[in-house]
Amino acid sequence: MNKELVGALDALEKEKGIKKEIVIEALEAALVSAYKRNYDQAQNVEVDFDAVKGNIKVYAVKTVVEEVEDEQQQVSLEGALKVSRGYELGDEIRYEVTPQNFGRIAAQTAKQVIMQRVHEAERNVVFEKYSEYENEIVTGEVERQDSRFIYVSLGTVEAVMPVAEQMPNENYKMHDRIQVFVTKVENSTKGPQVFVSRTAPELLKRLFEKEVPEIYDGVVEIMSIAREAGDRAKVAVRSNDENVDPVGTAVGPKGQRVQVIVNELGGENMDIVEWVDDPARYIANALNPAEVLDVIFDPENERSCTVVVPDYQLSLAIGKRGQNARLAARLTNYKIDIKPESEMTDNAPADDNDVDTEETED
């Protein structure tokens, strides 16, 4: 068994990259527990494993004291001096207490420790692999679902997609191939746990990077994303090259580029708007497709403004259930109140047409 164990440790280090010293340390600790459990011993013991020959020895460790109160833990100075004249009070003496049949227990324990270390090493390999994919987009296959998660196979690991990260307009079926955004990778006691999302704004950003080379290369930059997953999203882009139109580039010829993303997200509508330094123009762009006549900033709150639109454009500016105004507010990080032109002209008091876009996200 001894030679086989040494050979197994060498193979483990070579094939799995698990350091022999780490396994031996764990093995010695496990053998101490096994000795105490199998031989009903409470004394302080140590186990030494010879990494060359594979020999295993058990030692009882006792402290040299003036007066012995616990024979399993202590030895008198008089008794210690019989072993060696060099011992003093407080020294520790090691007595070999290796049982004759300890080899069988050692073999069983060694097998358990080695298997545990192999599993840990394999989990670490998977964890390190998928940690590299954190905040990236990957393609997986739907395996199953329950009340809490959709389980998505990413090859060597099963990712989970919580209900809050699932698209409300999608029905997931077994073997469906879907693109997901890796939000978090944890190395739990049960192994690597990968969390993915279909609703994260970052998923949309990664999809644009895949479909639009200019965005991937940094010529066109995504500055902000506001998204109500499965329904509608607004994406603000700017160009780092004055000769490149950021909106047209993102949309693509005849809308081909953005249509690929819309299809991937189950028909989620996309508003691509230009990001500009001027806050008033940016807010007006964000309210696309509505026409904006004026943007009036609140002198008492730099992140608040009133947007004036033509009366016939009021419903369009607000959007269905306030969605257009709400997404524009999230995109620009401004509190936006929308008022019709007639109300501003008549200097009338605010009414139910005002839209408070400071509400929390759905």
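All residue numbers in this chain count up from 1 along the given sequence. Being a predicted model, the structure only gives us computed values, none of them experimental.
- Legend: residues meeting ring-ring contact (aromatic ring centres under 6.0 Å, His included) with Y59, ordered by chain and number and at least two apart, are absent.
- Transitive grouping of hydrophobic side chains (ILVMFWY, heavy atoms separated by less than 4.5 Å) brings L331 and M223 into a common cluster.
- Considering CE of M270 and CG of L265, their distance stands at 5.0 Å, rounded to 0.5 Å.
- Among all heavy-atom pairs drawn from P201 and I225, the shortest one is O-CD1, 3.5 Å.
- Side-chain atoms of D277 and Y282 include no donor-acceptor pair closer than 3.5 Å.
- Between the side chains of D231 and Q323, a donor-acceptor pair is found at a separation under 3.5 Å.
- Going from atom CG of L9 over to atom NZ of K14 covers 15.0 Å, rounded to the nearest 0.5 Å.
- Side-chain atoms of T109 do not come within 3.5 Å of backbone N or O of A30 as any donor-acceptor pair.
- The closest side-chain heavy-atom distance from I178 to V142 is below 4.5 Å.
- Across all non-hydrogen atoms, the minimal contact from R227 to A233 is CG-CB, 3.9 Å.
- Between S197 and T199, the shortest heavy-atom contact is OG-N, 3.0 Å.
- A distance of 10.5 Å separates CG in L204 from CD in E209, rounded to the nearest 0.5 Å.
- Taking each heavy atom of Y334 and S304 in turn, the nearest pair found is CD2-N, 3.9 Å.
- The 12-atom threshold is not exceeded at CG of N171, counting heavy atoms of other residues, nucleotides or ligands nearer than 6.0 Å.
- Under the 3.5 Å distance criterion, the side-chain polar atoms of N288 are left unmatched by any main-chain donor or acceptor of N285.
- The pair E214-R257 meets the salt-bridge criterion, with a side-chain N (NZ, NE, NH1 or NH2) lying under 4.0 Å from an Asp/Glu carboxylate O.
- At least one donor-acceptor pair under 3.5 Å links the side chain of N263 to the backbone N or O of Q259.
- Looking at S76, its side chain never comes within 3.5 Å of a backbone N or O of V68 through a donor-acceptor pair.
- Scanning both residues, C305 and F297, for their nearest heavy atoms gives CB-CD2, 3.8 Å.
- Note that the CG atom of N187 and the OG atom of S131 stand 7.5 Å from one another [nearest 0.5 Å].
- Of the possible polar contacts, none joining the S84 side chain to the Y87 backbone as a donor-acceptor pair under 3.5 Å is found.
- We find that R321 and E228 are not joined by a salt bridge, their nearest charged nitrogen and carboxylate oxygen being 4.0 Å or further apart.
- D271 contributes no side-chain N or O that, together with a main-chain N or O of A286, makes up a donor-acceptor pair within less than 3.5 Å.
- If you take CD on E143 and OG on S153, they are separated by 4.0 Å, rounding to the nearest 0.5 Å.
- Between R198 and E165, no side-chain nitrogen of the basic residue sits less than 4.0 Å from a carboxylate oxygen of the acidic one, so the salt-bridge criterion is not met.
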Kindly determine whether Q193 and K184 satisfy side-chain contact (heavy atoms from CB on, under 4.5 Å), including the steps that lead there. CA-CA 8 Å; Q193 183 75 75; K184 181 171 58 174; over 6 Å; no

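- Here the side chains of E186 and F195 are in contact, with some heavy-atom distance below 4.5 Å.
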Could you go through the side-chain contact (heavy atoms from CB on, under 4.5 Å) check for V45 and V61 one step at a time? CA-CA 5 Å; V45 296; V61 183; over 6 Å; no

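- Atom CD of Q256 is surrounded by more than 12 heavy atoms from other residues, nucleotides or ligands within 6.0 Å.
- Closest approach of F149 and Q166 over heavy atoms only: C-NE2, 3.9 Å.
- At a threshold of 4.5 Å between non-hydrogen side-chain atoms, the residues K57 and V47 do not count as touching.
- Annotation for R281: atom CZ does not count as buried by contact number, only 12 or fewer foreign heavy atoms lying within 6.0 Å.
- Counting non-hydrogen atoms of neighbouring residues, nucleotides and ligands closer than 6.0 angstrom, the OH atom of Y95 exceeds 12 such neighbours.
- Although no hydrogens or angles enter the test, the distance criterion places a donor-acceptor pair under 3.5 Å between the side chain of D91 and the main chain of E88.
- Between the side chains of N324 and K234, at least one donor-acceptor pair of N or O atoms lies under 3.5 Å.
- At least one side-chain heavy atom of V194 sits less than 4.5 Å from a side-chain heavy atom of V182.
- Atom CG of residue N243 and atom CG of residue D245 lie 11.0 Å apart, to the nearest 0.5 angstrom.
- Judged as a ring-ring contact (aromatic ring centres under 6.0 Å, His included), and not counting sequence neighbours, the contacts of Y35 are Y39.
- Salt bridge status for K62 with E92: absent, with no side-chain N to carboxylate O gap under 4.0 Å.
- Both M167 and V152 are assigned to one and the same hydrophobic cluster, defined by single-linkage of ILVMFWY side chains at heavy-atom distances under 4.5 Å.
- Side chains of V309 and V307 form a contact here, defined as non-hydrogen atoms less than 4.5 Å apart.
- Under a hydrophobic clustering in which Ile, Leu, Val, Met, Phe, Trp and Tyr are joined whenever their side-chain heavy atoms come within less than 4.5 Å, directly or via other members, V32 and I24 fall into the same cluster.
- Considering only residues two or more places apart in sequence or on other chains, Y133 meets the ring-ring contact (aromatic ring centres under 6.0 Å, His included) condition with Y130.
- Contact of the T306 side chain with the D298 side chain is not registered, since no non-hydrogen atoms from C-beta on lie closer than 4.5 Å.
- The environment of CD in Q108 is crowded: more than 12 heavy-atom neighbours from other residues, nucleotides or ligands sit within 6.0 Å.
- Between the side chains of K210 and Q179, at least one donor N or O sits under 3.5 Å from an acceptor N or O.
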Please step through salt bridge (charged side-chain N to carboxylate O under 4.0 Å, His left out) for the pair R238 and E274, ending with a clear verdict. CA-CA 6 Å; R238 75 169 179 183; E274 184 178 6; over 6 Å; no

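- The pair E202-K205 does not meet the salt-bridge criterion, since no charged nitrogen lies less than 4.0 angstrom from a carboxylate oxygen.
- N169 places a side-chain N or O within donor-acceptor distance of the main-chain N or O of G266, the cut-off being under 3.5 Å.
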Please assess V180 against V138 for the test side-chain contact (heavy atoms from CB on, under 4.5 Å), listing each intermediate value before the final yes or no. CA-CA 6 Å; V180 293; V138 295; 3.7 Å; yes

Any chance you could lay out the side-chain contact (heavy atoms from CB on, under 4.5 Å) test for V260 and F208, step after step, and finish with the verdict? CA-CA 9 Å; V260 171; F208 270 102; over 6 Å; no

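- At least one side-chain heavy atom of L203 sits less than 4.5 Å from a side-chain heavy atom of L207.
- A side-chain donor from one of T98 and E96 sits under 3.5 Å from a side-chain acceptor of the other.
- Listed for the E28 side chain is a donor-acceptor partner under 3.5 Å among the backbone atoms of F49.
- Looking only at side-chain heavy atoms (C-beta outward), V247 and V237 come within less than 4.5 Å of each other.
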Can E158 and R144 be said to form a salt bridge (charged side-chain N to carboxylate O under 4.0 Å, His left out), step by step? CA-CA 10 Å; E158 184 180 70; R144 56 194 173 90; 3.0 Å; yes

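- No donor-acceptor pair closer than 3.5 Å links the side chain of R94 to the backbone N or O of V58.
- Look at D311 and K339 and you find no salt bridge, because none of the NZ, NE, NH1 or NH2 atoms lies under 4.0 Å from a carboxylate O.
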